[in-house]
Protein chains: 2
Amino acid sequence: MVSLQLAHQLDNKNVLLIGGGKMGVTRLKKLLPVGSKVTLVSPRFDPSISKSGMFPHQLPSQDGEKVIINADWRHQDEKTGEETVQIYKVIQDEFKEEYFNLDGEEEYWHLILVCIASDNKSEEIHALAKKKYGNQQMVNVADKPALCDFFFGANATLGGGLQLMISSNGISPTLGGIVRDEITRHFQSMDFDESMKRLGDLRVKIRKATTNPSGPDKPEDIQYRMRWIKTATDFFGLKNCERIDVEKLVALFLEMRADNMSLKFASPEEMVATYAPSK
Amino acid sequence: MVSLQLAHQLDNKNVLLIGGGKMGVTRLKKLLPVGSKVTLVSPRFDPSISKSGMFPHQLPSQDGEKVIINADWRHQDEKTGEETVQIYKVIQDEFKEEYFNLDGEEEYWHLILVCIASDNKSEEIHALAKKKYGNQQMVNVADKPALCDFFFGANATLGGGLQLMISSNGISPTLGGIVRDEITRHFQSMDFDESMKRLGDLRVKIRKATTNPSGPDKPEDIQYRMRWIKTATDFFGLKNCERIDVEKLVALFLEMRADNMSLKFASPEEMVATYAPSK
């Protein structure tokens with residue numbers, strides 16, 4: 001069955017990752033860039049966790065401290081001001097039920113991820129999580145589709161705040177990755193930041209120009225705005241959005257709105273030549 | 001902040017949709033094709049819900065039955081055998097806390113979606129859901145990013161079981177939709193079903209050819225297989241995967257494996273000419 005793909009806001013949210021091997025590392029690479037507050041439980045740790053700086057302290061070991069908290073897990077570079085997100089807490093141990101516990105009543109696990117080799121132990125953790133937090137608790141057990149509320153996919157950022165995911169629903173991650181790479185190559189030359197800025201600008205200015213000062217906006221106005229913007233941007237196509245002249249387009253919108261809320265545009269070629277000319 | 005995009009398995013899972021207006025309809029269009037068991041609560045219903053066949057019975061009304069269950073919500077066409085998924089249950093009313101209740105202890109809401117005009121009422125439902133099911137309950141309130149655990153994006157299916165999502169993280173759904181359309185156009189001529197079949201075949205046959213009969217596979221074998229397939233498919237590129245000769249490639253794999261687990265391939269041009277010739 002196909003999936004419903006959703007974009008999770010994980011900023012500052014607790015995620016429990018059980019298993020610090022190679023598969024656990026692939027999860028960390030997805031979790032840390034989106035700002036999630038990761039607790040990692042594992043008896044052993046893949047060397048890349050230290051080497052990559054995902055955890056800046058010495059990892060806990062059998063002989064020393066078992067639990068180490070990285071208080072400065074959202075680390076801001078003093079020079080560049082850039083933020084890197086690291087693992088929040090590491091527990092060196094086989095998983096035990098008590099490691100589910102979080103400080104504070106409001107606290108919860110947004111996601112629970114299991115990446116260990118033992119099938120029995122995986123099933124046990126899955127059952128415990130569902131029992132403790134209800135079936136609504138989102139759990140993913142690596143390589144066990146029947147124990148997954150959701151799957152990971154091949155992700156990429158395209159610029160302009162746009163993100164891409166290709167899901168193969170577990171059938172062929174290889175093909176998913178190839179499609180992802182082909183798409184990022186295809187869009188490499190496009191300036192999504194600029195397109196996003198101009199389209200956002202256009203939307204705000206058109207909304208402002210037609211806001212009803214004495215109450216909520218009329219439904220016909222909201223609908224016309226939406227249809228106008230959609231039709232206009234379809235005419236331009238993706239390549240040209242980064243060059244649209246926002247002021248000129250707002251003027252065109254007001255003119256067409258005054259003309260009985262018209263949706264009759266010039267030809268795509270004329271539209272591009274007039275409102276998104278090549279430099 | 002960027003999102004983590006995940007693919008949710010919603011087949012037969014309960015989803016609560018509060019609000020049957022235009023926005024509610026856009027949610028239904030995403031929920032039904034993935035097989036989710038939708039309960040819709042709304043005092044009024046957009047006409048397209050009946051017209052589109054999403055709910056085949058007369059919708060409940062103020063004067064008649066308030067709750068109608070569509071027992072045959074997974075409807076199989078007798079002639080074609082094709083399955084269509086319809087709304088499971090419709091409650092004609094403003095939302096009340098009792099509508100959270102499900103039959104059976106094991107039951108739960110995988111997602112709770114709120115699509116109503118009133119800000120106060122939206123906030124109230126969000127708070128109730130989190131109180132009743134814990135903060136781990138996934139909730140999305142339309143047009144209220146602060147009350148969303150996740151966002152919807154622009155989705156498409158690419159064939160071969162592959163699915164695409166573009167997320168704009170609420171900044172520009174228009175641009176997200178344009179990018180989605182451009183990508184589906186770009187891949188229109190490609191036969192993903194065939195590529196998926198051949199790559200899957202290749203993986204299975206290579207695994208079979210190198211399975212350790214006397215225990216679990218050796219890590220170096222697993223790693224070599226993965227690296228070989230990845231390198232080979234990168235050489236072919238997406239366009240040519242639908243034509244790869246699986247038998248010939250398995251032979252090449254065994255030859256290179258015998259040669260000290262080599263990863264030295266011929267040039268991409270030669271690889272394509274020999275192992276994925278144009279018809």
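Below, chains carry the letters A, B, ... as their sequence lines are ordered, and counting in each starts from 1. We use all heavy atoms of the structure for the numbers below, so side chains are in, but hydrogens, waters and symmetry mates are not.
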Between [X] and [Y] (side chain of the first, backbone of the second, donor and acceptor by atom type, cut-off under 3.5 Å), is there such a pair?
{"X": "Asp149(B)", "Y": "Gln9(A)", "result": "no"}
{"X": "Gln163(A)", "Y": "Ser168(B)", "result": "no"}
{"X": "Gln136(A)", "Y": "Met138(B)", "result": "no"}

Measure up the Phe150(B) and His8(A) rings against each other and bin them: parallel (under 30°), tilted (30 to 60°), perpendicular (over 60°). tilted
Under a 4.5 Å cutoff for heavy-atom pairs, which residue among [options] has the most contacts with chain A?
{"options": "Gly161(B), Gly177(B), Ser36(B)", "result": "Gly161(B)"}
{"options": "Gly134(B), Gly160(B), Ser3(B)", "result": "Ser3(B)"}
{"options": "Arg203(B), Lys230(B), Lys239(B)", "result": "Arg203(B)"}
{"options": "Gly153(B), Gly176(B), Ser167(B), Gly200(B)", "result": "Ser167(B)"}

What residue in [options] has the most heavy-atom pairs under 4.5 Å with chain B?
{"options": "Leu199(A), Ile166(A), Leu164(A)", "result": "Leu164(A)"}
{"options": "Met190(A), Lys130(A), Met196(A), Gln137(A)", "result": "Met196(A)"}
{"options": "Met165(A), Arg180(A), His110(A)", "result": "Met165(A)"}
{"options": "Phe151(A), Tyr133(A), Trp109(A)", "result": "Phe151(A)"}

Non-neighbouring partners of Lys131(B) that pass salt bridge (Lys or Arg N to Asp or Glu O under 4.0 Å), sequence neighbours left out: none
Contact check, side chains of Leu4(B) and Phe152(A), non-hydrogen atoms, under 4.5 Å: yes
Do the non-hydrogen side-chain atoms of Leu175(B) and Leu238(A) ever get within less than 4.5 Å of each other? yes
So which part of Pro145(B) gets closer than 4.5 Å to some heavy atom of chain A, the side chain, the backbone, both or neither? neither
Pick one of side chain, backbone, both or neither for Leu10(B), based on which atoms fall under 4.5 Å of a heavy atom in chain A. side chain
Rounded distance (nearest 0.5 Å) linking atom CG of Asn135(A) with atom CD of Glu107(B): 8.5 Å
Where is the tightest heavy-atom contact between Ile178(B) and Cys241(A), given as atom of each residue plus distance? CD1-SG, 4.3 Å
Identify which part of Met226(A) has an atom lying under 4.5 Å from any heavy atom of chain B, answering side chain, backbone, both or neither. neither
Let me know if Lys13(A) has heavy atoms under 4.5 Å from chain B in its side chain, its backbone, both or neither. side chain
Got a sec: does the CD of Glu82(B) have more than 12 other heavy atoms crowding it under 6.0 Å? no
Flag yes if more than 12 heavy atoms outside Asn12(A) fall under 6.0 Å of its CG atom; otherwise flag no. yes
Identified side-chain contact (heavy atoms from CB on, under 4.5 Å) partner of Leu6(B) from the options Leu111(A), Asn140(A), Leu6(A): Leu111(A)
Going by residue number, which parts of residues 181-188 of chain B are within reach of chain A, meaning a heavy-atom gap below 4.5 Å? Glu182(B), Ile183(B), His186(B), Phe187(B)
